[in-house]
Amino acid sequence: MQVHFSPSMNRITISTSNGFLDFMKVKVAARHFSYRTLFYSVLVLAFLLPFVFITTALVTLENVSKCSTNDCFGRKWGPRFSPFDSSPRDSRRFHSLLLGAANEGLPEGVKVPESFDELLADVRANHLDARTSVIKLKAMVDLLEQRVKTAKLQEALYRHFASTGIPKGLHCLSLKLTTEYSSNAKARRELPSPELVPCLTDNAFFHFVVATDNVLAASVVVSSTVKNAAEPWKIVFHVVTDRKTYAAMHAWFALYPLPPAIVEVKGVHQFDWLTKDHVPVLEALETHNNILWYYHGDHSAGTDLNDSPRLLAAKLQARSPKYISIMNHLRIYLPELFPELKKVIFLDDDVVVQRDLSPLWDIDLEGKVNGAVETCRGDDMWVMSKTLKTYLNFSYPVISQRFNPDKCAWAYGMNIFDLEAWRKTDITDIYHFWLKQNIDSNLTLWRLGTLPPALIAFDGHVHSLDPTWHMLGLGYQPKSDIERVRKSAIIHYNGQSKPWLDIAFPELRPFWTKYVSYSNEFIRHCNILGS
């Protein structure tokens, strides 16, 4: 059989194979297009059909072959086929559901799903509509958020209690050294030896002061300072402690001196004038009922679950009982404690010295009393963002009318004190005055430890030091810049995670433990282990 098209394309003749012409004729519609049009049509189809084939193959390979509607196809290839893209409509519907669920809660008695799998099982079993499913999802998220906040509160409380307690190893060390003091004459020998006593008041030496009841911490401060000193023979350390720790502290430095440096150990009970009778505000700190409740009461009361973990930790730390101890206020009496000295460097017991500190003695304080590192500028936005409004309650006119809330704060931990300049001021009296003001105000002028009254008392008497001398915050967060830690002259573990505690940050603790002699017999017997 043969098919013959007429030249005009309006007639088709079909004949059999034996040459007999079959009179079957088929008329077609009149030609409305040219050969050129036909050619281009075929050419377009030649390009389009492979594309459609490839697209169909891809959809099939991606397991969406069951998706046969234009709507489904548009969702898969929406960016290129906008007429089939349904995502804006779905998004608007989803947003509408979310906004509706924000103001609705589950009816009373309806169980909140504990997990996403439980929610899915509930949706399948009860054929829940989209609105009810979203409301249940919101209820589940709210429940989980509440549990997370509660867990963070518990963690902060546990860390707080761990930081305020005395580790068993440190308690053991103090007891064993006290026993040694009573039984071993060498542990009771005079500190320093009689021929070195004149050095205690010689201003040609570098005089350091540390006040602590922690023997191990004191040993690290002293040893790290001496070992990194360019002229250790010029160092004199004045270690001041309380009555109960005096024997243990004396025994340690008598048995393990650090020559050629000179170490003196004094107890607060050995300063006859430093009594509660002569400083009545200190007695008030330890006997006022509201103060006793604030520092020794239920520390979970008044906590805010909406606070960040670090802010909550800072608030809890401010309630540590150490802040009403005379040991923590001791630095305000330095001119009276050391009447013959002209200049001292006061170090906290949670610092480590990593560099020679002799250049500090050459710094000109320009008539100021206190050389300190300011804490309102720096890369660490948690530690180095402190101004007066961070510590003082500016809602009280007695505060707001006298001080600038945006004035830069400074840090305790490493301070150069010009005692000669101090004696010409009334800094100590101002300190006492504001302590009494805060007590009379039921501790509402400030609640953050002993730094706030010092910020007031030393206002106008502070000389700013280069921040590389004193790096803070190693007890607050583990994300400290390790390279900065290595380069800083003094690193300060201020915060809850002290390096001698189990809650210390593992990556920061070795900078402290390197100065602990774990082979020491007392440390071994008390099972004080390094990291």
Side-chain angles (χ1 to χ4, degrees), residues 203-211 221 225 229 234-236 238 329-348 351 353-380 383-392 402-431 434 448-473 484 487-492 494:
N203 285 289
F205 287 79
F206 300 147
H207 293 270
F208 295 87
V209 179
V210 58
V221 175
T225 304
K234 295 183 68 175
I235 290 179
V236 176
H238 305 270
H329 295 270
L330 202 63
R331 71 195 91 198
I332 203 66
Y333 304 111
L334 288 175
E336 291 80 20
L337 290 172
F338 305 102
E340 297 90 357
L341 298 183
K342 296 179 180 179
K343 183 184 287 188
V344 299
I345 291 179
F346 192 95
L347 299 174
D348 280 1
V351 306
V353 176
Q354 303 187 123
R355 224 164 63 204
D356 175 40
L357 300 184
S358 57
L360 288 174
W361 299 93
D362 298 325
I363 294 177
D364 182 6
L365 298 183
E366 300 175 353
K368 306 295 186 181
V369 173
N370 179 7
V373 169
E374 292 183 328
T375 54
C376 63
R377 292 176 288 272
D379 296 332
D380 190 332
V383 177
M384 304 299 287
S385 60
K386 304 295 193 296
T387 59
L388 292 190
K389 65 185 175 186
T390 307
Y391 300 96
L392 304 178
R402 301 189 187 197
F403 305 103
N404 177 7
D406 297 318
K407 188 171 184 178
C408 196
W410 48 268
Y412 267 151
M414 188 285 290
N415 303 88
I416 310 170
F417 289 116
D418 185 336
L419 301 186
E420 282 190 309
W422 190 337
R423 294 184 185 103
K424 298 174 184 178
T425 70
D426 55 354
I427 288 174
T428 304
D429 293 335
I430 294 174
Y431 186 90
W434 283 99
L448 294 174
T450 55
L451 182 57
L455 293 173
I456 295 174
F458 285 100
D459 188 38
H461 298 284
V462 179
H463 176 82
S464 179
L465 299 178
D466 188 305
T468 59
W469 283 111
H470 184 193
M471 181 179 180
L472 297 110
R484 253 194 83 209
K487 292 180 179 179
S488 296
I490 295 174
I491 54 176
H492 192 176
N494 58 313

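It should be emphasised that the depicted structure is a prediction, and the values quoted were computed from it without experimental measurement.
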* Could you please spell out the steps behind the side chain to side chain contact (heavy atoms under 4.5 Å, CB included) verdict for Phe208 and Val221? => CA-CA 10 Å; Phe208 295 87; Val221 175; over 6 Å; no

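- Taking CG from Asn203 and CD from Glu420, the interatomic distance works out to 7.5 Å, rounded to the nearest 0.5 Å.
- Interatomic distance, CH2 of Trp361 versus NZ of Lys234, reported as 10.0 Å (0.5 Å rounding).
- Nearest approach of Leu330 to Ala211, heavy atoms of both residues: CD2-CB, 3.7 Å.
- By the 4.5 Å heavy-atom criterion applied to side chains, Ile363 and Trp469 are counted as neighbours.
- Without hydrogens or angle criteria, Arg355 side chain to Lys487 main chain gives a donor-acceptor distance under 3.5 Å.
- Ile332 is not listed as a side-chain neighbour of Thr450, based on a closest heavy-atom distance of 4.5 Å or more.
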Pairs of donor and acceptor atoms involving the side chains of residues 408-417, under 3.5 Å and at least two apart or interchain, shall be tabulated with distances.
| residue | atom | partner | partner atom | Å |
| --- | --- | --- | --- | --- |
| Asn415 | OD1 | Gly413 | N | 3.4 |
| Asn415 | ND2 | Asn370 | OD1 | 3.3 |
| Asn415 | ND2 | Ala411 | O | 3.1 |

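- To the nearest 0.5 Å, atom NE2 of residue His470 and atom CD of residue Glu374 are 13.5 Å apart.
- Between Ser488 and Met471, the shortest heavy-atom distance links the atoms OG-CB, 3.3 Å.
- Close placement of the Phe458 and Trp422 rings is indicated, their centers lying within 6.0 Å of each other.
- Heavy atoms from other residues, nucleotides or ligands lying under 6.0 Å from CZ of Arg484 number 12 at most.
- Contact between Ser385 and Thr390 at its shortest, heavy atoms only, is O-OG1, 4.1 Å.
- Between Gly367 and Ala421, the closest heavy-atom pair is O-CB, 4.1 Å.
- Of the possible donor and acceptor atoms, none in the side chain of Lys424 sits under 3.5 Å from a partner among the backbone N and O of Leu419.
- Qualifying ring pair (Phe, Tyr, Trp, His ring centres under 6.0 Å) partners for His238, counting only residues two or more places apart in sequence or in other chains: His207, Phe338.
- Residues Gly473 and Asn494 come closest through the heavy atom pair N-OD1, 2.6 Å.
- Thr375 contributes atom OG1, which lies 7.5 Å from atom CG of Leu472 (distance to the nearest 0.5 angstrom).
- Between Asn404 and Leu388, the shortest heavy-atom contact is O-CD1, 3.4 Å.
- For residues 405-419, the salt bridge (Lys or Arg N to Asp or Glu O under 4.0 Å) pairs, not counting sequence neighbours, are Lys389-Asp406, Lys407-Asp459.
- The CG atom of Asp356 sits 7.5 Å away from the CD1 atom of Ile235 when rounded to the nearest 0.5 Å.
- Taking CZ of Arg331 as the start and OG1 of Thr428 as the end, the distance is 13.0 Å to the nearest 0.5 Å.
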* Mind running side chain to side chain contact (heavy atoms under 4.5 Å, CB included) on Leu392 and Ile456 for me, showing each step along the way? => CA-CA 9 Å; Leu392 304 178; Ile456 295 174; 4.0 Å; yes

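- Side chains of Phe206 and Leu357 form no contact here, defined as non-hydrogen atoms less than 4.5 Å apart.
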